[in-house]
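Here is the naming used below: chain letters follow the sequence lines, and residue numbers restart at 1 for every chain.
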Amino acid sequence: MPASIPTSLASWNVNSIRARKDRTLAWLETYQPEVLCLQETKVTDDAFPRADFEALGYHVTTCGQKTYNGMALLSRTEPSDVIRRFDDDDAEPEARFLSARFADLQIICVYVPNGQVVGSDKYAYKLAWLDRLQRHLERHCDPDQPLVLCGDLNIAPEDRDVCEPAAWAETVLCEPGVRDAFRRLCGWGLVDTFRLHHDAEKLYSWWDYRQLAFQKNQGLRIDHILVTRTLSRRCTRVQIDRQARKGKGASDHAPVLATFSNEG
DNA sequence: ATGGTTGCTTAGCAA
C-alpha cells in the first residue's frame with residue numbers, strides 16, 4: 001500500500017474563508033485530516049489567511065478569485081503538479097477547479113456551478129462545466145489509479161439525498177440533467193464514498209440559511225467525496241459533521257470526512 | 001405570501 005494514501009480527507013464549503021477562519025482552524029485541530037479541501041473561499045490568493053493554517057502544520061494551495069468561488073487545499077505534505085482551472089482554457093474566469101498530486105494520489109477539488117434556475121444561462125454553464133470535468137477525467141486521469149474527486153458538486157444524486165424529493169425534483173440540485181452528469185462521473189470509475197457506509201440513511205451536507213432550514217433538517221447532500229476503486233476498497237468511514245453547521249457564524253455547508261485504512 | 005439569510009461589497013449579486 002502506498003504510504004501516500006491519507007488516513008483521512010475532508011471537504012468543506014466554508015462560504016468565505018475569512019468569515020470562517022476561526023471555525024476552520026478549530027475544526028482542523030479537532031479532526032486533523034491529512035487533507036482538507038475547501039470551496040467558496042471567496043478570496044484572492046494573496047489575501048488568503050495562509051499563515052494561520054501553516055502554523056497548524058498545513059501546506060496551503062489556493063486557487064482563488066475576488067468575491068466569488070475559490071478553493072484551497074490544506075495538506076500535511078506538499079503537493080506537486082498543481083493545476084488551477086481547467087488546463088484546456090486559460091481564459092476561464094471562475095475559480096472552480098483545483099487539482100494536485102500527493103505522490104501517487106491525485107486529488108481534484110471542485111466547486112461546481114450552482115446553476116441558479118433550470119433553463120437559465122447559468123444552468124447551461126453548469127451542465128457545460130460538468131461536461132468539461134468529465135472530459136478532464138477522461139483525457140488526463142486514470143480510473144485504475146488512486147484519485148479523489150471531492151467538493152461542492154451542487155448535485156443531490158438521488159432522492160435519498162433530499163429532504164423533500166418532490167419539492168426539489170425540478171431544481172438545479174436535482175433535475176435529471178445534473179443527476180445524469182453525476183452518474184457519468186461514477187461511470188468513469190468513481191464511487192460515492194458516503195454510500196459505502198450509509199445505505200438508506202438520509203443525511204445532508206447543506207441547509208439553506210433561510211426559513212430555519214437547518215433546525216428543521218430541510219437539507220440536501222450535495223458535497224461529495226468520490227474516489228476510484230483502489231481507494232474505495234480502503235474507505236472505512238464517512239462522516240458528515242452536522243455539529244459544524246450549528247450556531248451563529250456557521251457556513252451553510254457541513255464538512256464531509258472520509259477515513260481510509262492502509263489495508264486493501 | 002416570489003418572502004426568507006448570509007457574505008462580499010457597499011446596492012446588488014450569488015448562493
When the C1' atoms of B:dG4 and B:dA15 are compared, how many Å lie between them, rounded to an integer?
13 Å
Might you work through the side-chain contact (heavy atoms from CB on, under 4.5 Å) test for A:Leu257 and A:Ser8, ending with a clear yes or no?
CA-CA 7 Å; A:Leu257 175 69; A:Ser8 64; 4.0 Å; yes
First encountered from the 5' end of DNA chain B, between A:His253 and A:Ala19:
A:Ala19
Side-chain donor/acceptor of A:Thr30 to backbone N/O of A:Ala26, under 3.5 Å
yes
Check: A:Trp12 side chain, A:His253 main-chain N or O, donor-acceptor pair, under 3.5 Å:
yes
Integer angstrom distance from the P of B:dT9 to that of B:dA14:
14 Å
If each of A:Gly249 and A:Tyr68 is mapped to the nucleotide of DNA chain B with the nearest heavy atom, which maps nearer the 5' terminus, i.e. the 5' end?
A:Gly249
If you check the A:Thr67 side chain, which of B:dA15, B:dT9, B:dG7 turns out closest?
B:dT9
Indicate, with yes or no, if the rings of A:Phe53 and A:His59 have centres closer together than 6.0 Å.
no
Is A:Phe214 touching bases, backbone alone, or none of the nucleic acid, heavy atoms closer than 4.0 Å?
nothing
To the nearest angstrom, the CG-P distance between A:Asp252 and B:dT6 comes to 10 Å
Considering only heavy side-chain atoms of A:Asn15, the closest of B:dA15, B:dG7, B:dC8 is B:dG7
With P as the reference atom in both, quote the distance from B:dT10 to B:dA1 in angstrom, rounded to an integer.
36 Å
Output the rounded distance in Å from CZ (A:Arg210) to C1' (B:dA1).
15 Å
When you measure from the side chain of A:Thr62 to the backbone of A:Gly64, do you find a donor-acceptor pair of N or O atoms at a distance under 3.5 Å?
no
Atom pair distance, as rounded to whole Å: NZ in A:Lys122 and C1' in B:dA14
7 Å
Determine the contact category for A:Arg96: base if any of its heavy atoms lies under 4.0 Å from a base atom, sugar-phosphate if only primed atoms, P, OP1 or OP2 are that close, otherwise nothing.
sugar-phosphate
Round to a whole Å and report the spacing from CD1 of A:Ile17 to C1' of B:dG7.
13 Å
Please report the distance, rounded to the nearest Å, between CD in A:Glu40 and C1' in B:dT5.
14 Å
For the pair made of CG in A:Asn114 and P in B:dA15, what is the distance, rounded to whole Å?
5 Å
Expressed as a whole number of Å, how far does the C1' atom of B:dA11 sit from that of B:dT6?
15 Å
Nucleotide B:dA14, atom C1' - distance to CG of A:Asp208 in whole Å:
12 Å
Separation of A:Lys246 atom NZ from B:dT6 atom C1', in whole Å?
20 Å
